[in-house]
Amino acid sequence: MSPYIIMTDAALNIDLSVIDRNDIHVIPMFVSVADREFSISLDTPREDIDAYYKLLVDHPAYTTQISLGIYEAYFEKFVEEGQDILYLSMSGELSATFVQSKLAAEHVVKDHPGAKILCLDSKTCTSGGTHMAKRAIDNLKQGMSIEENLRDLEAFRSKVTLYGYITSLDHLKRSGRLSGAQALFGSALNIRPILHINEKGELILQHKVRGTKQAIKYIVDHINDEIDASETVCYINHGDDLNSAKKVKQQLLKKTPLEEIYIDTTSPIISAHIGQGAISATFIAK
């Protein structure tokens, strides 16, 4: 079996409390807010993340796609070292990264006959990336070939399930994703839109509730109804709202079969589009 590595990009959250930094390679991405640009990767300093979120309160943020040339440069580096690549992208319904990575892989393989670069659309985002990356790394360590790993992940991704809620309606208004009237109406009623990623990898507005307490209850109830009881791990991501994330964790431990729940900050690449304060939880469904 040829040696291969697991690679992804900064749009998928990788929780380093459960994944060894040396087991995965992450392509950095960039986000701009209030005329300041941040490079987002596993090595981004905590103070940069905090500074980004502080600016996000009053300013819209903008991300840039990974260019074809950057993909090719990262892929070539490992191929020239004799390693194949299994690349995991965030949902292709939410970003062009999957399409770009596949095109770059074709170019690099054409110039390096015999090399393998397999790209997988994870059909998830935020902490769903940790589920997918950990599975890929475990499969690699257990001796699966790159092709076997890809097939396993293609089956596994349909079970990785995400629910979340948005609090920053003003941010959606500023970014052009919500009208001013809708934002004013939602804020006045303390509305919390509930988000879900469907089987196609699309991020959909599934429901609306009033207040954070009801949003947390909705997420916890749906996880309890849908979880595979043999899969007791959940990952929570928060947009600079650790207290709410802890409340979600507390309720999940109390009302579901979950035993291990990890909390991490949402990648700025994602929060640029959903605003500060958003919460998401991913788990393995039946």
Side-chain angles (χ1 to χ4, degrees), residues 12-13 15 17-18 88 90-94 121-136 138 152-169 186 189-239 241-267 270-271 273-275 277-286:
L12 281 183
N13 265 82
D15 191 329
S17 67
V18 294
L88 313 179
M90 72 177 291
S91 175
E93 294 295 330
L94 305 177
D121 179 351
S122 71
K123 297 190 182 298
T124 190
C125 67
T126 68
S127 56
T130 297
H131 281 289
M132 294 296 293
K134 189 173 188 310
R135 180 82 168 202
D138 288 346
D152 178 79
L153 292 171
E154 287 173 336
F156 178 71
R157 66 185 172 187
S158 64
K159 295 184 177 183
V160 177
T161 306
L162 179 149
Y163 284 101
Y165 66 83
I166 288 175
T167 62
S168 183
L169 295 179
L189 294 179
N190 198 24
I191 295 297
R192 295 290 184 263
I194 302 293
L195 303 179
H196 174 59
I197 291 187
N198 64 18
E199 65 280 357
K200 296 180 180 179
E202 299 168 326
L203 186 65
I204 61 172
L205 174 59
Q206 178 157 314
H207 195 59
K208 295 179 182 178
V209 298
R210 185 173 295 182
T212 298
K213 184 176 180 179
Q214 288 302 311
I216 292 174
K217 182 179 185 302
Y218 185 97
I219 291 171
V220 171
D221 287 347
H222 275 262
I223 291 178
N224 191 45
D225 289 342
E226 298 176 27
I227 190 172
D228 180 340
S230 67
E231 298 282 355
T232 59
V233 177
C234 173
Y235 301 110
I236 297 172
N237 280 175
H238 66 92
D241 187 359
L242 181 58
N243 287 336
S244 290
K246 288 180 176 178
K247 291 177 182 178
V248 175
K249 177 178 179 177
Q250 181 183 47
Q251 290 300 306
L252 287 172
L253 288 172
K254 182 178 179 181
K255 298 182 178 181
T256 76
L258 290 166
E259 298 175 0
E260 298 178 67
I261 300 177
Y262 300 88
I263 296 175
D264 196 13
T265 306
T266 304
S267 168
I270 299 300
S271 61
H273 303 288
I274 59 177
I279 298 284
S280 65
T282 54
F283 63 100
I284 306 304
K286 300 172 186 175

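Note that the coordinates shown come from a computational prediction; the quantities given were computed from them, not determined experimentally. Positions are given from 1 along the sequence.
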So [Y] and [X], do their side chains get closer than 4.5 Å, heavy atoms only?
{"X": "Asp121", "Y": "Arg157", "answer": "yes"}
{"X": "Arg192", "Y": "Ile166", "answer": "no"}
{"X": "Val209", "Y": "Pro193", "answer": "no"}
{"X": "Leu88", "Y": "Leu153", "answer": "yes"}
{"X": "Leu203", "Y": "Glu93", "answer": "no"}
{"X": "Phe283", "Y": "Glu231", "answer": "no"}
{"X": "Cys125", "Y": "Ile197", "answer": "yes"}
{"X": "Asn198", "Y": "Gln206", "answer": "no"}

Between atom [atom1] of [X] and atom [atom2] of [Y], what is the distance when rounded to the nearest 0.5 Å?
{"X": "Ile236", "Y": "Thr130", "atom1": "CD1", "atom2": "OG1", "value": "12.5 Å"}
{"X": "Leu12", "Y": "Met132", "atom1": "CG", "atom2": "CE", "value": "8.5 Å"}
{"X": "Leu252", "Y": "Glu260", "atom1": "CG", "atom2": "CD", "value": "13.5 Å"}
{"X": "Lys255", "Y": "Lys217", "atom1": "NZ", "atom2": "NZ", "value": "6.5 Å"}
{"X": "Thr256", "Y": "Ile261", "atom1": "OG1", "atom2": "CD1", "value": "5.5 Å"}
{"X": "Leu195", "Y": "Glu202", "atom1": "CG", "atom2": "CD", "value": "13.5 Å"}

Looking at [X] and [Y], what are the two nearest heavy atoms and their distance?
{"X": "Leu253", "Y": "Leu258", "value": "CD2-O, 3.6 Å"}
{"X": "Thr266", "Y": "Gly239", "value": "OG1-N, 3.7 Å"}
{"X": "Ala281", "Y": "Ile219", "value": "CB-CG2, 4.4 Å"}
{"X": "Ser122", "Y": "Ser91", "value": "OG-N, 3.8 Å"}
{"X": "Leu94", "Y": "Gly201", "value": "CG-O, 3.8 Å"}

Self-check item: Audit row: Ile194, His222, side-chain contact (heavy atoms from CB on, under 4.5 Å) steps and yes/no
Solution: CA-CA 11 Å; Ile194 302 293; His222 275 262; over 6 Å; no
Tyr163 and Glu226: side-chain contact (heavy atoms from CB on, under 4.5 Å), yes or no, with the steps? CA-CA 11 Å; Tyr163 284 101; Glu226 298 176 27; 2.5 Å; yes
For Tyr165, the ring pair (Phe, Tyr, Trp, His ring centres under 6.0 Å) test, sequence neighbours excluded, returns none
- Query: Listed by chain and number, what are the ring pair (Phe, Tyr, Trp, His ring centres under 6.0 Å) partners of His131, not counting sequence neighbours?
  - Reply: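 If we apply the ring pair (Phe, Tyr, Trp, His ring centres under 6.0 Å) test to His131, skipping adjacent residues, the hits are Tyr235.
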- I would like to know whether Ser127 and Thr282 meet side chain to side chain donor-acceptor pair (under 3.5 Å); could you show each step before the answer? CA-CA 6 Å; Ser127 56; Thr282 54; 2.8 Å; yes
Test log, rule side-chain contact (heavy atoms from CB on, under 4.5 Å), inputs Ile279 and Thr212:
CA-CA 10 Å; Ile279 298 284; Thr212 298; over 6 Å; no
Quick check: does any side chain N or O of [X] sit under 3.5 Å from a backbone N or O of [Y], one acting as donor and the other as acceptor?
{"X": "Lys286", "Y": "Asp225", "value": "yes"}
{"X": "Thr126", "Y": "Asn237", "value": "no"}
{"X": "Asp241", "Y": "Ala278", "value": "no"}

Worksheet entry | Audit row: His196, Thr161, side-chain contact (heavy atoms from CB on, under 4.5 Å) steps and yes/no | CA-CA 8 Å; His196 174 59; Thr161 306; 3.8 Å; yes
